[in-house]
**Student:** 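Take a look at this one; I'll ask things after.
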Amino acid sequence: DPNLFRYKEFCFHSMLHTKEHIETLQDFKIKHDDVFLVTYPKSGTIWTQHILSLICSEGYRNGTEETTTDTRIPWLETKSPDIHVDWTKYAEISPRLFTTHLSYSLIPQELKTKKGKVIYVVRNPKDVAASFYHFYNIFVHLKKPANFDEFMERFLAGDVVAGLWFDHVQGWYSHKDEFNVLFLKYEDMIMDLCSIVQKICKFLGRELDETTLNTVVEKASFKNMKMDTRANGEHLPGQFFNENKARFMRKGTIGDWKNLMTVAQSEQFDAIFKEKMKGLPIIFTWDISEQYS
Ligand code: A3P
């Protein structure tokens, strides 16, 4: 894909990132109360951004709705004239919240000394691939896949934004002891969002009363976020998207990969998964029906 460039096993978008900026992030100064939301793309990033900004504003109690997601939780690695983050204004906010897709090896060094907190969200990779495929079809500046078959080949070769899913997850999980980190699963968020919000609050050392907790859970529901123009990215420059509009809230379910993958593709995926994930004790929910089993 001519829109991407590789740097240290990672795939960056040339419109949003520069190698020089990524290199400077190695020395990024961390504050003790910094929180980094880390994900591989399509794993529930915006959802978790939304939850974090809701928690930190106590359910937007003071009508701070406009300062949500990418304003309140900017992208660490993005450096683009189209998407500008006013870091000076941001410096006064506490705690600082950042979002990043960076791999373990590209993350600021200081974070590896347990200074600051990391929330890593992981999603079953078949749904990630399915969600990513749809994203590739709405984002103008990415090489449109001819079909899912071709996209899956690229995904399994790591020839997509953020590189290989397996490397990303392996990198973060196998170095977990270097971080002050909370691992979350997208599927657990789907199945019991309230418990996950409580878990995040505990990790951040914040207490919400019951009403506020319920407000956070309600405002972070798929139904509500689907109607939210900011969560959908509709404020982003229209020229980036087909039909001049982003639509990030798509289906928000577990197991949508079944609508795209053939049995043969799924088996090929399983074989690679088994090989690459050897030694990592993450148990994924691949299908919504599993929650009842
Ligand atoms: P689908 O394409 O499978 O619907 P990211 O923000 O990392 O790009 O992840 C996007 C995925 O998260 C999309 O998945 C999107 O629908 C899903 N998502 C976003 N908000 C959600 C919510 N409140 N509940 C469930 N899924 C959500």
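These figures come from a predicted structure and were not determined experimentally. Start at 1 and go down the list; that is how both ligands and their atoms are numbered.
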**Student:** For A220, take its heavy atoms, then give the atoms of ligand 1 lying under 4.0 Å from any of them.
**Tutor:** 23 (N)

**Student:** Mind checking whether R247 contacts ligand 1 via backbone (N, CA, C, O), side chain (CB onward), both or neither, at a 4.0 Å heavy-atom cut-off?
**Tutor:** neither

**Student:** Would you call F135 a ligand 1 contact, heavy-atom distance under 4.0 Å?
**Tutor:** no

**Student:** Would you mind finding which of R123, H134, R250 brings a heavy atom closest to atom 14 (O) of ligand 1?
**Tutor:** R123

**Student:** Of the protein's non-hydrogen atoms, which lies at the shortest distance from atom 15 (C) of ligand 1, and what is that distance?
**Tutor:** F248 O, 3.6 Å

**Student:** Are the side chain of D127 and the backbone N or O of G255 linked by a donor-acceptor pair below 3.5 Å?
**Tutor:** yes

**Student:** Using a strict 4.0 Å cut-off to heavy atoms of G44, name the atoms of ligand 1 that fall inside it.
**Tutor:** 5 (P), 6 (O), 7 (O), 9 (O), 12 (O)

**Student:** For M225, take its heavy atoms, then give the atoms of ligand 1 lying under 4.0 Å from any of them.
**Tutor:** 20 (N), 23 (N)

**Student:** Do I282 and W257 share a hydrophobic cluster, counting only Ile, Leu, Val, Met, Phe, Trp and Tyr and linking them when any side-chain heavy atoms are less than 4.5 Å apart?
**Tutor:** yes

**Student:** Check contact between H50 and ligand 1, using heavy atoms of the residue and a distance below 4.0 angstrom.
**Tutor:** no

**Student:** Heavy-atom distances under 4.0 Å decide this one: backbone, side chain, both or neither, for S221 against ligand 1?
**Tutor:** backbone

**Student:** May I ask you to check whether H13 and F139 place their ring centres under 6.0 Å from each other?
**Tutor:** yes

**Student:** May I ask you to check whether Q49 and T99 show a side-chain donor-acceptor distance below 3.5 Å?
**Tutor:** yes

**Student:** Could you list which atoms of ligand 1 come closer than 4.0 Å to a heavy atom of K251?
**Tutor:** 4 (O), 16 (O)

**Student:** Salt bridge or not between K117 and D34? Use side-chain N to carboxylate O under 4.0 Å.
**Tutor:** no

**Student:** I'd like to know if R6 pairs up with E9 as an ion pair, taking the criterion as any Lys NZ or Arg NE/NH1/NH2 lying under 4.0 Å from an Asp or Glu carboxylate oxygen.
**Tutor:** no

**Student:** Which is closest to atom 6 (O) of ligand 1 in terms of heavy atoms, I46, I51, D127, L37?
**Tutor:** I46

**Student:** Tell me the protein heavy atom at minimum distance from atom 17 (C) of ligand 1, and give that distance in Å.
**Tutor:** Y186 OH, 3.7 Å

**Student:** Give the residue, atom name and distance (to 0.1 Å) of the protein heavy atom nearest atom 19 (C) of ligand 1.
**Tutor:** M249 SD, 3.4 Å

**Student:** Say whether T211 and N214, considering side chains only, have a donor N or O and an acceptor N or O under 3.5 Å apart.
**Tutor:** no

**Student:** Looking at R247 and E234, does any basic side-chain N land under 4.0 Å from a carboxylate oxygen?
**Tutor:** yes

**Student:** What about F5 and Y7, are their ring centers closer than 6.0 Å?
**Tutor:** no

**Student:** Check each heavy atom of S131 against ligand 1 and say whether those closer than 4.0 Å belong to the side chain, the backbone, both or neither.
**Tutor:** both

**Student:** For atom 7 (O) of ligand 1, grab the closest protein heavy atom and report residue, atom and distance to one decimal in Å.
**Tutor:** T45 OG1, 2.4 Å

**Student:** Considering only the protein, which heavy-atom contact is closest to atom 8 (O) of ligand 1, and what is its distance?
**Tutor:** K42 NZ, 2.9 Å

**Student:** Is it true that R154 and D149 have a side-chain N and a carboxylate O under 4.0 angstrom from each other?
**Tutor:** no

